[in-house]
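Small disclaimer: the values here were computed from a predicted structure and weren't measured.
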Amino acid sequence: QVRLVESGGGLVQAGGSLRLSCAASGSIFSINPMGWYRQAPGKQRELVATTSRGTTNYADSVKGRFTISRDNAKKTVLLQMNSLKPEDTAVYYCWVNIATAIKSYDYWGQGTQVTVSS
């Protein structure tokens, strides 16, 4: 059973920084893509950043401000968020994808709130 637990959200002023952490448990390996999505009120969930096999992918809106990193031994993925803007306010979800020969499964954490005040 895969379980993802996020931490590190909170309230910060615009221009500030936060670091989100996601601790994973279960059958997760370095080949499994992991990352972060976010959902603001009234909006669809959107990709923030992902990492897979040493490569990273970022939403255009966070490039140059956010950095994703991963520790495969500890099964953790971090999101360092700098120069935060009010539009970054959302619930941030940790994500992992596990693909078998038959099917692909997405797993999600419970989410952590990030609020950026202007």
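With sequence neighbours left out, the side-chain hydrogen bond (donor to acceptor under 3.5 Å, both in side chains) criterion links D60 to K63. By the side-chain contact (heavy atoms from CB on, under 4.5 Å) test, Q113 pairs with T89, V91, T115, sequence neighbours left out. Evaluation of the side-chain hydrogen bond (donor to acceptor under 3.5 Å, both in side chains) rule for S17 yields N82 as partners, not counting sequence neighbours. In this view, S104 and N97, A99 satisfy the side-chain contact (heavy atoms from CB on, under 4.5 Å) rule, not counting sequence neighbours. Applying the side-chain contact (heavy atoms from CB on, under 4.5 Å) criterion to K43, with sequence neighbours excluded, gives A40. Judged as a salt bridge (Lys or Arg N to Asp or Glu O under 4.0 Å), and not counting sequence neighbours, K103 has no contacts.
Residue pairs satisfying the disulfide bond (SG atoms under 2.5 Å apart) criterion with at least one member in residues 37-73, sequence neighbours excluded, are absent. The stretch residues 9-38 participates, sequence neighbours left out, in these salt bridge (Lys or Arg N to Asp or Glu O under 4.0 Å) pairs: R38-E46, R38-D88. The salt bridge (Lys or Arg N to Asp or Glu O under 4.0 Å) pairs that include a residue from residues 90-100 number zero, where partners must be two or more places apart or lie in different chains.
Taking the six-membered ring for Trp and thresholds of 30 and 60 degrees, F66 and Y92 have ring planes inclined between 30 and 60 degrees apart.
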List, one per line, each side-chain donor-acceptor pair under 3.5 Å for residues 52-59, sequence neighbours excluded.
| from | atom 1 | to | atom 2 | distance (Å) |
| --- | --- | --- | --- | --- |
| T55 | OG1 | S52 | O | 2.8 |
| Y58 | OH | I68 | N | 2.9 |

Under 3.5 Å, which donor-acceptor pairs link side chains of residues 5-15 to any protein atom two or more places apart or in another chain?
| from | atom 1 | to | atom 2 | distance (Å) |
| --- | --- | --- | --- | --- |
| E6 | OE1 | Q110 | N | 3.0 |
| E6 | OE1 | Q110 | NE2 | 3.3 |
| E6 | OE1 | G111 | N | 2.9 |
| E6 | OE2 | C94 | N | 2.8 |
| E6 | OE2 | G111 | N | 3.2 |

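The main-chain N or O of G26 is found under 3.5 Å from a side-chain atom of K75 such that the two form a donor-acceptor pair. Listed for the R65 side chain is a donor-acceptor partner under 3.5 Å among the backbone atoms of S83.
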Practice task
Report the C-alpha separation of W108 and R45 in whole Å, then their side-chain angles, then the decisive distance to 0.1 Å, and conclude whether the side chain to side chain contact (heavy atoms under 4.5 Å, CB included) test is met.
Solution key: CA-CA 12 Å; W108 301 91; R45 191 172 296 188; 3.1 Å; yes

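Looking at every heavy atom in both residues, M34 comes nearest to V77 through CE-CG1, 3.8 Å. Closest of all the heavy-atom pairs between S27 and V2 is N-CG2, 4.4 Å. Summarising the geometry of C22 relative to W36, their closest heavy-atom pair is CB-CZ2, 3.6 Å, with the distance given to 0.1 Å.
Cluster partners of F29, using a side-chain heavy-atom cutoff of under 4.5 Å among ILVMFWY residues and allowing indirect links, are I31.
Taken to the nearest 0.5 Å, the CG atom of L18 stands 6.5 Å off from the CG atom of L20. Note: L79 CG to T112 OG1 = 11.0 Å, rounded to the nearest 0.5 Å. In this structure, the separation between CG on L4 and OH on Y93 is 13.0 Å, given to the nearest 0.5 Å.
Proximity of I28 to Y107: side-chain heavy atoms (C-beta onward) are nowhere separated by under 4.5 Å.
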